[in-house]
Amino acid sequence: MTTETSTPIRVRFAPSPTGFLHVGGARTAIYNDLLRQRLGGAFILRIEDTDRQRSDEAMTRQIQDALAWIGVTWDEGPFLQSERLERHRERARELLDGGLAYRAYETPDELEALRAAARAEGGEFRYRAGRSPLAAAEIARRAGDGDPFVVRFRMPDEPIRFHDLVRGDVEFPPEALDDLILLRSDGSPTYHMSVVADDIDMAVTHVIRGEDHLSNTPKHVAMFAAFGAPAPTFAHLPLILGTDRKRLSKRTGATSVEEFRGQGILPQALYNFLALLGWSPGDDRELMSRAEMAAVFSTDRLNDSAAVFDPDKLGWMNAQYMASLPLAALRPHLEPFLEAAGLAAAAGPRLDAALDLHRTRARTLADLAAAVKPYFAETIDYDPALTAGFAAQEELPGDLRELAARWRSLAAFDVAPLEDALRALCAERGAKAGHLIHPVRMALSGAKAGPPLFDLVAVMGPEATARHLESFLAHLAASPPPASGAGG
RNA sequence: GGCGCGUUCGUCUAGUGGUUAGGACGCCGGCCUCUCAAGCCGGUAACACGGGUUCAAAUCCCGUACGCGCUACCA
């Protein structure tokens, strides 16, 4: 049965703060977010920082920032698992008192030796109650001496079955499971102890997490049973792979939400893209808002095989959002990029007009900011490789000067008169309009391609146009003469 | 090694016994056009392999190959 309750659910996203929020983690958060929106209930954010060595407070903050940026909101938390250690110990003690867990006195070295020996015989060492490699007398001695011990969970002897919303019915034989450690010899709870204790205390109903936890799930299922608590419904998501078909890593490109943000990807695009990496609405829709997805989200349509992260498609999707989002929604996200481009002051109708001219021509916010720069920048850095062709045209400077003069005398700096003036001049010179259109585009934008020229000029305005035309003329004058000889 | 999970165009996916195997990204071509995008139109390209079951299999079963996960006093 894959039925989802129609009653409110409680989901949680539980990252460990050992690094930036990974896109895999972000996608997990997104599915939790979508399911909670679809069915109602609560989203709990829980930071699993029980590994003190690797956890970092800055990362805890960063993860929250990244989540908020991408548009995932939580109703409860963030709870720091490290602040609940006492509760986790208490829960372990309950199991101990109830005989569902026991003390074990082997040292890590002894355990390692056992594992090595088992492997040498081609087998696998399993730690189970009553099968301690230590003699009863030795155990008694260590207990009596107050030697350090771990608390182990007594794993049941029957196969453990559970239903996974993505995988279907899954069964693990008892031989595959150890009596896992609940409390380390220093008394600190392990991940498994903390997760189960928290999921029970927080009344979590649905656990959506990465496939790497599938093999942990039978352990957790057994523990829920030991506590007499109903196990939550599980959904284990397939991994996200890099273009090399290996687990996504920095080797093949960006992996963290932060990196994509820095590249100029919109949060709406990343959310949309990630959501579709392992889920589809069932029809052919791809561009969908969070609300649209939430309206039709179902775990039934979660995919069960790994997906390769395709940066090209993300770029396309980002371009779609940049082209269609209301300017007001786009601007706040663009701001940091404008600032980085030295355009912190750019604003107003000119900026909006320029944005409209370039938004369908950029893939990222960084591209957009760069494209809009010439409208506000004092100068343009011309690339000699792109201007060499113009520098070779002897009559061009004179024609450009004449054009500048005619444009200057225009009553209105609008598309039609600008175009008429340029075409008339070209006609007088017996040239096609391209004779001036292309060099002027280069002069005003530093690029050989871009928006329709007269739109560009009108938005640029008389001052910037005159200024850039002037410096382009200077650039041409300073350009080395065309190579003589071969080719001519 | 053991246990678990997976495998449809290069990539993301639709498909749940009968389809010309659909859509999207990418790529190629066309239209539009002052160029480039966008948009529109068209093209390219897939059921990992081998056995079954069945009148009929991408869909069900078994095996093989390949990939991945777990196998810690990490999470």
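These numbers come from a predicted model, not from an experiment. A, B, ... follow the sequence lines: proteins, then strands. Residue 1 opens every chain.
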Let me have the donor-acceptor pairs involving side chains of residues 441-455 of chain A, under 3.5 Å, with sequence neighbours excluded, atom names and distances please.
from      : atom 1 : to        : atom 2 : distance (Å)
Arg441(A) : NH2    : Pro451(A) : O      : 3.2
Ser445(A) : OG     : Arg441(A) : O      : 2.7
Ser445(A) : OG     : Ala447(A) : N      : 3.2

If the condition is salt bridge (Lys or Arg N to Asp or Glu O under 4.0 Å), which residues does Asp283(A) pass it with, not counting sequence neighbours?
Arg285(A)

Can you list every pair that meets salt bridge (Lys or Arg N to Asp or Glu O under 4.0 Å) and has a residue in residues 14-33 of chain A, with sequence neighbours left out?
Asp33(A)-Arg36(A), Asp33(A)-Arg290(A)

Distance check needed: rA14(B) P versus Met288(A) CE, whole Å only.
13 Å

Please identify each residue that fulfils side chain to side chain donor-acceptor pair (under 3.5 Å) with Asp284(A), with sequence neighbours left out.
none

OP1 or OP2 of rG15(B) less than 4.0 angstrom from a side-chain nitrogen or oxygen of Arg301(A), does that happen here?
yes

Over all strands shown, is Arg247(A) touching base, sugar-phosphate only, or nothing at heavy-atom distances under 4.0 angstrom?
sugar-phosphate

Could you go over nucleotides 8-11 of chain B and give all protein N or O partners under 3.5 Å, atom names and distances?
none

Ring centroid separation for His220(A) and His192(A), is it under 6.0 angstrom?
yes

Partner residues of Glu286(A) under the side chain to side chain contact (heavy atoms under 4.5 Å, CB included) criterion, sequence neighbours left out
Leu276(A), Lys313(A), Trp316(A)

Side chain to side chain contact (heavy atoms under 4.5 Å, CB included) against Glu83(A), all qualifying residues, sequence neighbours excluded
Leu80(A)

rC25(B) C1' sits how many Å from Met317(A) CE, rounded?
9 Å

Under a 4.0 Å heavy-atom cutoff, the residues of residues 207-220 of chain A touching RNA chain B are Glu211(A), Asp212(A), His213(A), Leu214(A), Ser215(A), Asn216(A)

Partners meeting side chain to side chain contact (heavy atoms under 4.5 Å, CB included) with Asp414(A) (sequence neighbours left out):
Ala412(A), Pro417(A)

Select base, sugar-phosphate, or nothing to describe what Lys246(A) touches, counting heavy atoms under 4.0 Å on all strands.
sugar-phosphate

Tell me, for nucleotides 29-49 of chain B in 5' to 3' order, what letter each nucleotide earns: B for a base near a protein heavy atom under 4.0 Å, S for only sugar-phosphate near one, - for neither?
-----BBBBSS----------

Aromatic contact between Phe273(A) and Phe309(A), with the criterion being ring centroids under 6.0 Å apart: yes or no?
yes

Contacts of Ser324(A) meeting side chain to side chain contact (heavy atoms under 4.5 Å, CB included) (sequence neighbours excluded), chain-then-number -> none

Partner set under salt bridge (Lys or Arg N to Asp or Glu O under 4.0 Å) for Arg152(A), not counting sequence neighbours:
none

